[in-house]
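To find a chain, count down the sequence lines: A is the first, B the second, and so on, and within it residues start at 1.
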Amino acid sequence: MRFAEVIVDVPAKAVNRPFDYAIPSALEAVVEPGSRVGVPFGKRVIQGFVTAVRDTSEVPANRIKELVHVLDPYPVLTPSLIELTEWMSSKYICSRISCMQAMLPGALKAKYDRMFAVQDQAGQTWMDTPMTQYVREKGEVSWDELHTMFPDEAAGIRKLLSDGILMERTRMKDRLQKKMQLVVYPHPSSTVLDKALADCPPQAKRQRELIAYFLDHPEPIVLSELLVKLEMNASTVKRVCELGCAEMKETEMLRDPYADRDFGQTTPLSLTIEQQEAYDRIVDALHMNELHTFLLHGVTGSGKTEIYLQSIATCLARQQEAIVLVPEISLTPQMVERFKGRFGDRVAVLHSRLSQGERYDEWRKLRQGQAQVVVGARSAIFAPLERLGLIIIDEEHESSYKQEETPRYHARDAALQRAKLEKAVVVLGSATPSLETYEAGLNGSLETMTLPNRVGARPLPRVHVIDMRHELKQGNRSMFSRPLHEAIVKRLERKEQMVLMLNRRGFSTFVMCRSCGYVAECPHCQISLTYHRHIQHIRCHYCGYTERELETCPSCQSQHIRYFGTGTQRVEEELVKLFPGIRVIRMDVDTTTEKGSHEKWLTQFGRQQADVLLGTQMIAKGLDFPNVTLVGVIAADTILNLPDFRGAERTFQLLTQVAGRAGRHELPGEVFVQSYAPEHYAIELASRHHYQPFANKELVMRKLRDYPPYKQLVLFTVSHEMANIAMNFTEKLGKVLKEKLHRLTRDYEVMGPVASPIARLKDRYRFQCMIKYARDLSVTEVIEQALEQLEDEIKNRQVRVTTDVDPYILM
DNA sequence: AGCACGCCGACT
DNA sequence: GTCGGCGTGCTC
């Protein structure tokens, strides 16, 4: 007898461990580590994942049940992915089942239905009510259906259940819908076909035509394609099938979201000396067959993608597979095209715009080895590949690699961990590496390669920083400075295009003096204060420091205090007003929700059907339009002034990215950056394309203020319907954490409690506290112990606690 | 997360 | 006396 260890589909701490099941002999051959199975758990049958198969079990035989289903023809998790869930659940303090679910397409997540049937006892139909009669006729009815048909009988149903007249069970099913199509399978023997053709009466022209076609094309073909191809009627095909020349079968098809697109085959470009050197080092590492991590630090337009492509080609030639992670927003058709163009059908693409079914099919292509390269957003790091050789993370610094729901993992960290398990090579690519990665380069835990020049020796665009305080003093109250205004007019005259960006992110407004650029900051945290309109206070979201809203500027006494929060819509209005006849495409979350709209707008802009592409930071990346000669940043300070210690880093990154959109081809580019703090080092150094001085300076600041990469953070958010309960519990949590941390180290800090920037969400008040500790420390156990100690209180008072390790959004 | 078991209050 | 509220504890 063999036994399977199974992680069950219940995301609760109490069952976050493997349960043992006996494997019935009929299933012994198909149950493997990674198999998705159905197991009896309590009185239900639920889904689970096998983590190991063993010959013995510690659990007393009388308590062991048998697993009842194996749900797929192959294990859905690879051994490495199973192991990765151990790291992930411990690092991010979440259940293993939630990690496993994050690794798989949504189609494989189980759905559970309560099903009802009438206990069959002959001769009892005389006691039927309309409801029992209905159930009896249907055999088995789901709770949803029953409830819609008989909305007032909830109590009646309960009664019937306890009387044993109705039976209830839980039905488990997955959400996958395989795409089925009618496929025509020609008879494999040409002699049979020849004979049929000879027997076919000459007047049956279409039938003869079809049989002749089968002789030339013996491969199976989708019915609808065949009909189009031969301009034929389905009845003809049916008749020919009846003659025994072919068979028609419902067949499961893999959807190909890119089926109707023709990606022109591209060939490797010749590499510059710098590119060649980087490529060579990656290839050397691939041959070593062990974990090796590179930072590929290349300015925008330095040709990083070509290095990726050729490294992947080498990886494939070694019979190994590759993962390419790209931030969701830059997973544009342009990007997909480059990979499909080089590797064709060997590429699977995974992104959020695919339907659930499409995503499942792309996933299966990888699982079944039909595709060996995956290009995808964050979760593609869990692609089910078994011979992984290379992981590429493009735009490594992007915050979209951090998942903001449980499990709150960071794809870069997951990649490093997975590469360690699979002895793979990791390439982190960026023009503006995150400080975490840059610092890792300095301390030697990864190898840095630099591409300081653009391909073709095109110069980086000239960046003008415009002091908006000065503009105001000169009497210009518009959102466009005069230099930017002039530049726009010039482009309109010359029929060149421009990209205007307003990085309006989040909703926190910040407080600034328009005369001198003073921004209200917390005296303890060096973090800009957030305006809370309803209480007319400004407040620090890190430590809770609060003061009254400002009437005059503490620095220059002027009354030009503004609460910032201009959106793209206002800019669009203004553009139309100032430049009559201007054609604007606005791209932000409001205009790009529709499937394919992203692509549509960009195509339109590429065809020069608009003068201006106006958008949020989603337009900052990856775009490459030859006719764009002007990039304007309406307000460079918005991120700088968010309550976030990464403000300077993000500002530098964004300005560098967006500047890289200009002048990528023959026409030289110009960039205008409007700011109320042009002397800020992030803005000033970005305008001169000076990454290293920026990173070094920012690292000093981080060290000084005890922030990552030198310290680690864990953010706890507590919510409850009552504000005081939420706050009191947060305080208590902070206290318990402090006690436990204190036993482990002196090098820690507990901050808060403070109200969350989203102070109330879905009728629940939210408070948070944060711990900060030495980065070589693991605090998983401390946190687990603290939460365990408070478990009763969490349950009784119905507070909800979320734990965010290495948070990106501090709210 | 469900679900059963179990111990106290308010109804036919 | 029974129905049913939700506190407690378990699920291989």
Side-chain angles (χ1 to χ4, degrees), chain A residues 1-25 27-28 31-71 82 85 89 93-102 108-116 142-144 146-147 153-175 405-407 719 721 787-803:
Chain A
M1 181 61 100
R2 314 203 76 201
F3 300 91
E5 287 184 8
V6 176
I7 298 284
V8 294
D9 182 20
V10 180
K13 211 183 315 167
V15 291
N16 186 26
R17 63 186 170 86
F19 285 78
D20 285 5
Y21 287 88
I23 304 174
S25 52
L27 296 179
E28 206 157 280
V31 175
E32 288 175 60
S35 294
R36 192 168 62 114
V37 294
V39 292
F41 194 70
K43 67 171 291 195
R44 304 178 300 157
V45 172
I46 60 173
Q47 190 178 284
F49 296 94
V50 176
T51 54
V53 175
R54 289 190 282 102
D55 292 322
T56 57
S57 170
E58 310 283 281
V59 181
N62 59 354
R63 295 184 61 189
I64 285 203
K65 295 181 186 171
E66 287 192 339
L67 61 81
V68 291
H69 300 117
V70 178
L71 298 167
I82 296 171
T85 61
S89 69
I93 312 176
C94 58
S95 64
R96 284 187 75 186
I97 192 72
S98 67
C99 299
M100 291 170 168
Q101 253 141 23
L108 295 182
K109 195 171 150 67
K111 269 200 316 204
Y112 301 101
D113 281 335
R114 296 173 68 189
M115 299 300 291
F116 297 90
S142 74
W143 195 85
D144 281 347
L146 208 54
H147 196 253
E153 300 210 33
I157 294 171
R158 210 176 304 160
K159 178 89 170 64
L160 289 170
L161 279 171
S162 63
D163 291 352
I165 294 168
L166 271 187
M167 297 298 288
E168 185 189 352
R169 73 177 186 105
T170 308
R171 182 179 66 177
M172 173 186 68
K173 59 176 188 194
D174 42 32
R175 297 159 198 246
E405 306 98 53
T406 310
S719 75
E721 284 170 30
L787 291 176
E788 200 162 318
Q789 184 177 326
L790 295 167
E791 201 179 78
D792 288 350
E793 201 168 335
I794 291 172
K795 239 184 183 171
N796 292 338
R797 314 185 74 164
Q798 303 197 19
V799 293
R800 279 207 281 267
V801 183
T802 64
T803 306

Counting any heavy atom closer than 4.0 Å, what does [X] reach on the DNA or RNA strands: base, sugar-phosphate only, or nothing?
X: A:Ala14; answer: base
X: A:Pro40; answer: sugar-phosphate
X: A:Arg17; answer: base
X: A:Phe41; answer: base

Considering all heavy atoms, the nearest [X]-[Y] contact:
X: A:Val50; Y: A:Ile82; value: O-CD1, 3.8 Å
X: A:Cys99; Y: A:Ser89; value: SG-N, 3.8 Å
X: A:Asp20; Y: A:Glu58; value: OD2-N, 4.2 Å

Taking [atom1] from [X] and [atom2] from [N], how many angstroms apart are they, rounded to a whole number?
X: A:Glu788; N: C:dG9; atom1: CD; atom2: C1'; value: 15 Å
X: A:Glu5; N: C:dC12; atom1: CD; atom2: P; value: 15 Å
X: A:Lys795; N: C:dC6; atom1: NZ; atom2: C1'; value: 12 Å
X: A:Arg44; N: C:dC10; atom1: CZ; atom2: C1'; value: 13 Å
X: A:Asn796; N: C:dC6; atom1: CG; atom2: C1'; value: 12 Å
X: A:Asn16; N: C:dC10; atom1: CG; atom2: P; value: 18 Å
X: A:Glu791; N: C:dC10; atom1: CD; atom2: C1'; value: 13 Å

Measure the spacing between CZ of A:Arg2 and CG of A:Asp55 and express it to the nearest 0.5 Å. 4.5 Å
With a 4.5 Å limit on heavy-atom distance, are the side chains of A:Ile23 and A:Leu67 in contact? yes
Verify the neighbour count for atom CD of A:Glu793: are there more than 12 heavy atoms of other residues, nucleotides or ligands below 6.0 Å? yes
Report yes or no: is the cationic atom of A:Arg17 (NZ for Lys, CZ for Arg) under 6.0 Å from the centre of the six-membered ring of A:Phe19, at an angle within 45° of the ring normal? yes
DNA chain B: first to last nucleotide in contact with chain A (atom under 4.0 angstrom from a heavy atom), 5' to 3', is B:dA1 to B:dA4
